[in-house]
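Start at 1 with the first residue, then count along the sequence. Excluded from the calculations below are hydrogen atoms, water molecules and symmetry mates; all remaining heavy atoms, backbone and side chain alike, are included.
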Amino acid sequence: MRTEFQGTRNNGQGPAGRRPSTRGSIPAYILFPAGFFGGSIVFTYWYFQDEAPFTKRRRILATSREWERHQGDLQYKHLLQHYRKDILPPNHRASVTVKRVGSRIVDAANKFIMENKPEESLGSPYTYTVIRSDQANAFVLPNNHIFVFTGLFQFVRNEDDLAAVLGHETAHNIARHAGERVSGSILINMLARFTLLLDPSGVLYTLFLPAATLLHDLPHSRDHEIEADYIGLYLAAEACYNPKAAKRVFAAMKEGYSKGTTPPEFISTHPSYDTRLSNFDSWLPGAMEKYHADGGRKCEIIRREMKLARQRAAVEAMRRERKH
């Protein structure tokens, strides 16, 4: 009696002659590009690691100083054209004051660079542009271009206050925060493209973009502001402007904007005023120690020079006003 077992000879095609299921495996046309992109992201993150000056914060910095400065110069020319009707003349009292205070901050910044980032070049001489506007704001462009809106003067009442603002903006510049923002955008764009390889439908991409903003862009922006507050405080102290003015300026801003609505800190590009004021409380003892170095003799002499410079500037302003 002959017995045959049907279905046992299937040439490795699986039970009952069926081929093994490939369901769930990743196609090669997705696997290879995904591996390439993943490797590129890891390499970018590793290769462009950098350390921020003074705070020693680790970060990604993929842009060159030359590229940053070129972009800053282009934006500077564009903004000069954009605000041309509202720019105060160089001999205006506000322009003269901003430049005088800014020059002392720059001297402190150059010393800061030599102590913390000696390989950095100083770039072009600083420019100061004062714009007639109700907006209370100031900002800096790479390659040393600082803009100040006159609306800020409702909170800035003296040169110490102004030094706190200019120190903050100069700190953004020497810490190369603009280049860091661009570098972060490059990394986020690479990750966004990677999500499209993993999910061509775009659902993951749609979820990734707001998550990247909330978890990367906004926290890093707040980190930049805190770092600029910190470095700017020491620049002002080194230039012999009273560091306590920084807290006074932000307290005035908090009071001035108390009637308006401000977004929660976690969805804002800037730290809350309460966070900044608390930070200043922590940092001021160290900044005041620098301000009072040498028993305060250095800053006592320099502040007398500041007073004489203000008096000379006031006399010159009065002469110009009489001519007109």
Side-chain angles (χ1 to χ4, degrees), residues 26 30-31 33-65 67-68 71-72 75 137-142 168-169 171-233 250 253-254 257 260-283:
I26 302 176
I30 292 180
L31 184 62
F36 173 78
F37 260 86
S40 299
I41 292 169
V42 172
F43 174 78
T44 299
Y45 186 83
W46 170 80
Y47 185 78
F48 293 109
Q49 280 284 310
D50 185 71
E51 187 177 83
F54 199 53
T55 63
K56 309 302 180 184
R57 177 177 56 87
R58 301 301 297 176
R59 61 181 180 176
I60 300 296
L61 191 60
T63 54
S64 69
R65 300 177 190 88
W67 183 86
E68 293 169 20
Q71 294 300 311
Q75 293 179 58
N137 193 24
F139 63 88
V140 65
L141 299 176
H168 174 92
E169 300 305 330
H172 275 308
N173 194 43
I174 61 180
R176 297 177 62 191
H177 287 159
E180 189 180 344
R181 283 195 301 272
V182 174
S183 302
S185 296
I186 292 172
L187 187 63
I188 292 300
N189 286 335
M190 292 176 69
L191 287 169
R193 292 177 182 274
F194 186 65
T195 64
L196 290 174
L197 286 173
L198 297 178
D199 176 23
S201 71
V203 174
L204 185 58
Y205 176 83
T206 303
L207 296 173
F208 173 79
L209 290 181
T213 298
L214 188 64
L215 301 177
H216 177 272
D217 296 346
L218 293 176
H220 276 71
S221 178
R222 293 192 294 270
D223 285 344
H224 293 172
E225 294 301 322
I226 291 172
E227 195 166 67
D229 285 347
Y230 187 41
I231 297 174
L233 195 68
F250 283 101
M253 288 183 177
K254 178 185 177 181
Y257 293 123
T261 56
T262 56
E265 183 175 271
F266 77 96
I267 58 172
S268 176
T269 57
H270 287 59
S272 68
Y273 287 116
D274 288 335
T275 296
R276 299 179 100 158
L277 294 174
S278 177
N279 287 339
F280 286 130
D281 285 336
S282 301
W283 301 332

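Between the side chains of S272 and D274, no donor N or O sits under 3.5 Å from an acceptor N or O. Side chains of E227 and H177: a donor on one and an acceptor on the other come within 3.5 Å.
In this structure, the side chains of N279 and Y230 stay at 4.5 Å or more apart for every pair of heavy atoms. Annotation: side chain of I60 is in contact with side chain of Q49 (closest heavy-atom distance under 4.5 Å). Between E265 and P271, some side-chain heavy-atom pair lies under the 4.5 Å cut-off. The closest side-chain heavy-atom distance from I188 to F208 is below 4.5 Å. At a threshold of 4.5 Å between non-hydrogen side-chain atoms, the residues W67 and V182 count as touching. In this structure the side chain of E225 never reaches within 4.5 angstrom of the side chain of T275, judged on heavy atoms. Using a 4.5 Å cut-off on side-chain heavy atoms (C-beta onward), L61 and F48 make no contact.
Under the 4.0 Å criterion applied to side-chain N and carboxylate O atoms, D229 and R276 are assigned as salt-bridge partners. With respect to the salt-bridge test (charged N to carboxylate O, under 4.0 angstrom), the residues E51 and R57 do not qualify.
Ring geometry for Y273 against F250 counts as tilted: the plane angle lies between 30° and 60°, on a 0 to 90° scale.
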message: H168 vs H172, test: side-chain hydrogen bond (donor to acceptor under 3.5 Å, both in side chains). Steps then yes/no.
response: CA-CA 7 Å; H168 174 92; H172 275 308; 3.1 Å; yes
- request: Using the side-chain hydrogen bond (donor to acceptor under 3.5 Å, both in side chains) rule, take E180 and H224 through it: C-alpha gap first, then chi angles, then the decisive distance, then the call.
  value: CA-CA 9 Å; E180 189 180 344; H224 293 172; 3.2 Å; yes
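Residues passing the side chain to side chain donor-acceptor pair (under 3.5 Å) test with R181, sequence neighbours excluded: none.
Side-chain atoms of D199 come within 3.5 Å of backbone atoms of L204 as a donor-acceptor pair (strictly under, hydrogens ignored).
Between S268 and P263, the closest heavy-atom pair is CB-CG, 4.2 Å.
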